[in-house]
Amino acid sequence: MEIVILPSAAEVGLLAARKISQLVTRKPDAVLGLATGSSPLAIYAALAAHVRDGSLDTSRVSGFALDEYVGIPAEHPESYAAVIHREVTVPLRLDPARVQVPDGRAADVEQACERYEEAIRAAGGVDLQILGIGANGHVGFNEPTSSFASRTRIKTLTERTRADNARFFDTPDEVPTHCLTQGLGTISEARELLLVAQGPQKAAAVAAAVEGPVTSMCPASILQHHRRVTLVVDEAAAADLKLADYYRWTYANKPAWQQL
Ligand code: F6R
């Protein structure tokens, strides 16, 4: 794992965006895995700025969202279809036909999940998956005890996740109880993973994911088994890392061409 610790949340977004820009410049038809929530917003804002100033062409980029709530209409401003459209597709000027979100309203959920897996395969797989991390160690909405082999499926959200996401809704009761999420097996097949975390509420989860045992109690610990993972975190999210000084030293002493 490459672990990059930066002084501020703003710098996390800028550096992660630089890494994605480099990929899209190298591979204009890159397939990006898209996370929602607060963590990646600064990335999308920075990428949008590159698109506006003409330094990044995203017209051939495809995107697959990690997850979607079940039980709220697509038009709801907090459905992930709406969030991805507002925060990613429009500002990054992606072709809407190339952006997909699991269908949380499908009558046949199982079939919708299979279709989603098939669409990812048909696109050639995900080149780079952007990830946030839940305070309980979830990635996507793979809550603790999710199988490391899991594929896109319906999951029940934990009370912790519902409470954490209540800030996006008028009342806590409005937070859906279920979601469709790419599985840990699905996420692991992305050719590269980029996880960003900011703030002290993520410190325990980041430490467990990076330095703890690989266990389904911390789904993000599956990242330890992937060969190309970058974590970009701010000081607050890095606070519980035992080897933080080692990661700082390692990154600072890389040749410039190997730094992000
Ligand atoms: C979002 C997702 C989740 C979030 C995580 C962190 O698509 O899959 O895993 O990344 O819950 O959320 P924030 O960034 O809002 O703290």
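All heavy atoms count here, side chains included; hydrogens, waters and symmetry mates do not. Along the sequence shown, the residues carry numbers beginning at 1. Whatever order the structure lists them in is the order used to number ligands and atoms, beginning at 1.
Residues Ser188 and His225 have side chains that never bring a donor and an acceptor to within less than 3.5 angstrom of each other. Side-chain N/O atoms of Asp67 and Gln182 include no donor and acceptor closer than 3.5 Å. With 3.5 Å as the limit, one finds a donor-acceptor pair spanning the side chains of Ser55 and Asp53.
In this structure, Arg121 does not pair ionically with Glu189, as no charged nitrogen and carboxylate oxygen lie closer than 4.0 Å. Remark: Glu68 engages Arg105 in a salt bridge, criterion side-chain N to carboxylate O under 4.0 Å.
Not one N or O of Tyr80 is nearer than 3.5 Å to an N or O of ligand 1, by distance alone. Considering both main-chain and side-chain atoms, Leu66 never comes within under 3.5 Å of ligand 1 through any nitrogen or oxygen pair. The N/O atoms of Ser38, backbone and side chain alike, include one that comes under 3.5 Å of an N/O atom in ligand 1.
For atom 10 (O) of ligand 1, the closest non-hydrogen atom on the protein side is Gly132 CA, 3.4 Å. Here the protein heavy atom with the shortest distance to atom 1 (C) of ligand 1 is Thr36 OG1, 3.2 Å. Nearest protein heavy-atom contact of atom 14 (O) of ligand 1 is Ser39 OG, 2.4 Å. Nearest protein heavy-atom contact of atom 5 (C) of ligand 1 is His138 NE2, 3.4 Å. When hydrogens are left out, the protein atom nearest atom 6 (C) of ligand 1 is Ile133 O, 3.4 Å; that is the closest non-hydrogen contact.
Every atom of ligand 1 with a heavy atom of Lys202 under 4.0 Å away is listed here by number and element: 6 (C), 13 (P), 16 (O). Set against the non-hydrogen atoms of Arg167, the atoms of ligand 1 under 4.0 Å away are 13 (P), 15 (O), 16 (O). When each atom of ligand 1 is checked for a heavy atom of Asp67 under 4.0 Å away, the hits are 1 (C), 2 (C), 7 (O), 8 (O).
Arg228 places no side-chain N or O within 3.5 Å of a backbone atom of Leu193 that could act as its donor or acceptor partner.
For Phe169 and Tyr69, the ring centers are positioned less than 6.0 Å apart.
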